[in-house]
There are 2 protein chains.
Amino acid sequence: MLPELDPLLHSQLRLAVMSILIGSPEADFVYLRKTTGATAGNLSVQIEKLREAGYITVEKSFRGKMPRTTCRITPTGIKAFETYVEALQDYLPK
Amino acid sequence: MLPELDPLLHSQLRLAVMSILIGSPEADFVYLRKTTGATAGNLSVQIEKLREAGYITVEKSFRGKMPRTTCRITPTGIKAFETYVEALQDYLPK
DNA sequence: AATATTTGGTTTATTATATAAACTAGTTTA
DNA sequence: TAAACTAGTTTATATAATAAACCAAATATT
């Protein structure tokens, strides 16, 4: 039987966010939006879902006078991502 | 920018079906159901979507008196699967 | 100085998707 | 012959993805 794929990670946009955050210590909203090509609304919703799950942290601050939202992956998120990638291997040709 | 992931393939169950069919020349409904662990209803729906897209063919016959539904991947399906797997690589750690 | 535009988002509404439940049609078993 | 099983399909429901509308503040334009 094929393993389950964490539904929270098996979403193009959430996977993209996690993939970016796995590779860099932090990324802000604007960067994530440009890199993923997502709309702001969609990105906002999916970031919140990842945050709720404890996969990422979200920090709001100001860069000069403009607001800034910084995302970071958590140890829980790293673990979940690794588990997902491993499960995914069973779906891909060897 | 991260590449798009074919939404038709980026679904756990449809990906599972395609993954099985990539690895064997044919598989029947019962086998797919057991291997994926899906409910018959869900499998029926997802097989139909793959068939509509031209990714698989679906052949109905009888094994003795019992009906049998056999699925096979098409060249289009193989291509789509390969493209999907390649795009997916960009989401996974190197 | 007022007004229009842009930035950086959130909230709400709509559409699409996944899944389960209910159903059909026929077969085998008790 | 009635109950239970097989092999599915259809329909309904819950969830998810996405877009559209909105908001507050900053910056640019006339």
Side-chain angles (χ1 to χ4, degrees), chain A residues 1-20 26-53 55-72 80 84 87 91, chain B residues 1-20 26-53 55-72 80 84 87 91:
Chain A
M1 260 253 280
L2 288 161
E4 214 226 341
L5 298 175
D6 181 348
L8 202 66
L9 292 183
H10 197 66
S11 134
Q12 179 171 185
L13 183 47
R14 287 193 302 267
L15 186 64
V17 169
M18 292 293 282
S19 174
I20 291 164
E26 59 175 60
D28 63 28
F29 191 92
V30 173
Y31 177 79
L32 289 173
R33 199 158 87 72
K34 282 180 184 150
T35 310
T36 61
T39 60
N42 192 12
L43 183 58
S44 178
V45 170
Q46 306 311 328
I47 281 177
E48 174 57 18
K49 283 184 190 172
L50 291 171
R51 194 197 58 74
E52 266 176 50
Y55 287 6
I56 65 173
T57 60
V58 179
E59 190 200 335
K60 274 146 204 302
S61 61
F62 283 87
R63 182 179 30 183
K65 287 175 181 173
M66 299 298 274
R68 181 181 208 211
T69 299
T70 306
C71 301
R72 290 183 188 81
Y84 172 82
Y91 288 78
Chain B
M1 260 253 281
L2 288 161
E4 215 226 341
L5 297 175
D6 181 347
L8 202 66
L9 292 182
H10 197 66
S11 133
Q12 178 170 188
L13 184 46
R14 288 194 300 266
L15 186 63
V17 168
M18 291 294 282
S19 176
I20 291 164
E26 59 174 60
D28 63 28
F29 192 93
V30 174
Y31 177 79
L32 289 173
R33 198 158 88 71
K34 282 182 183 149
T35 310
T36 61
T39 61
N42 193 11
L43 183 58
S44 178
V45 169
Q46 308 310 330
I47 281 177
E48 175 57 15
K49 283 184 189 171
L50 291 171
R51 194 196 58 73
E52 265 176 51
Y55 288 5
I56 66 172
T57 60
V58 178
E59 189 200 336
K60 275 145 202 304
S61 61
F62 283 86
R63 184 178 29 185
K65 287 175 181 174
M66 299 299 274
R68 180 181 207 208
T69 298
T70 306
C71 301
R72 291 182 187 81
Y84 172 83
Y91 289 78

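For the numbers below, each heavy atom of this structure counts, side chains included, while hydrogens, waters and symmetry mates do not. Note on naming: letters A, B, ... go to the chains in the order of the sequence lines (proteins, then strands), and numbering restarts at 1 for each one.
For Leu5(B) and dA17(D), the CG to P distance is 13 Å, given to the nearest whole Å. Here the P atom of nucleotide dT17(C) and the CG atom of Leu50(B) are 13 Å apart, to the nearest Å. In this entry the distance linking NZ of Lys49(A) with C1' of dT10(C) reads 15 Å, nearest Å. As rounded to whole Å, 15 Å separates atom C1' of dT11(D) from atom CD of Glu48(B). In this structure, CD1 of Ile47(B) is placed 13 Å from P of dT10(D), rounded to the nearest angstrom. To the nearest angstrom, C1' of dT15(D) lies 13 Å from CG of Asn42(B). Here the C1' atom of nucleotide dT10(C) and the CD atom of Glu52(A) are 14 Å apart, to the nearest Å. Between the P atom of dT9(D) and the CZ atom of Arg33(B) lies a distance of 12 Å, rounded to the nearest Å.
Under the rule for a side-chain contact (heavy atoms from CB on, under 4.5 Å), the partners of Thr35(A) that lie at least two apart in sequence or sit in another chain are Ile20(A), Tyr31(A). Scanning for salt bridge (charged side-chain N to carboxylate O under 4.0 Å, His left out) contacts around Glu59(B) gives Arg72(B), with sequence neighbours left out. For Arg51(A), the side-chain contact (heavy atoms from CB on, under 4.5 Å) test picks out Glu48(A), Ile56(A), Val58(A), with sequence neighbours left out. Checked against side-chain hydrogen bond (donor to acceptor under 3.5 Å, both in side chains), Arg68(B) has the following partners two or more places apart in sequence or in another chain: Asp28(B).
Nearest heavy atoms, Leu43(A) versus Arg33(A): CD2-N, 3.6 Å. Of all the heavy atoms in Ser19(A) and Tyr91(B), the pair that sits closest is OG-O, 2.9 Å. Minimum heavy-atom separation, Ala87(B) to Glu4(B): CB-O, 3.7 Å. Nearest heavy atoms, Leu9(B) versus Ala80(B): CD1-O, 3.4 Å.
Base engagement by Gln46(B) is indicated by at least one non-hydrogen atom pair under 4.0 Å involving a base atom.
For Val45(B), the side-chain atoms get nearest to dT10(D) when compared with the rest of dG8(C), dT10(D), dA16(D).
For the pair Asp6(B) and Tyr55(B), the minimum side-chain heavy-atom distance is below 4.5 Å.
DNA chain D is contacted by both Pro7(A) and Gly41(A); Pro7(A) maps to the nucleotide lying nearer its 5′ end (nearest heavy atom per residue).
Listed pair Ser44(A) / dT10(C) meets the phosphate criterion, a side-chain N or O lying under 4.0 Å from OP1 or OP2.
For DNA chain C, the residues of residues 59-70 of chain A within the heavy-atom distance limit of 4.0 Å (strictly under) are Lys60(A), Arg63(A), Met66(A), Pro67(A), Arg68(A), Thr69(A), sorted by number. Within residues 8-20 of chain B, no residue has a heavy atom under 4.0 Å from DNA chain D.
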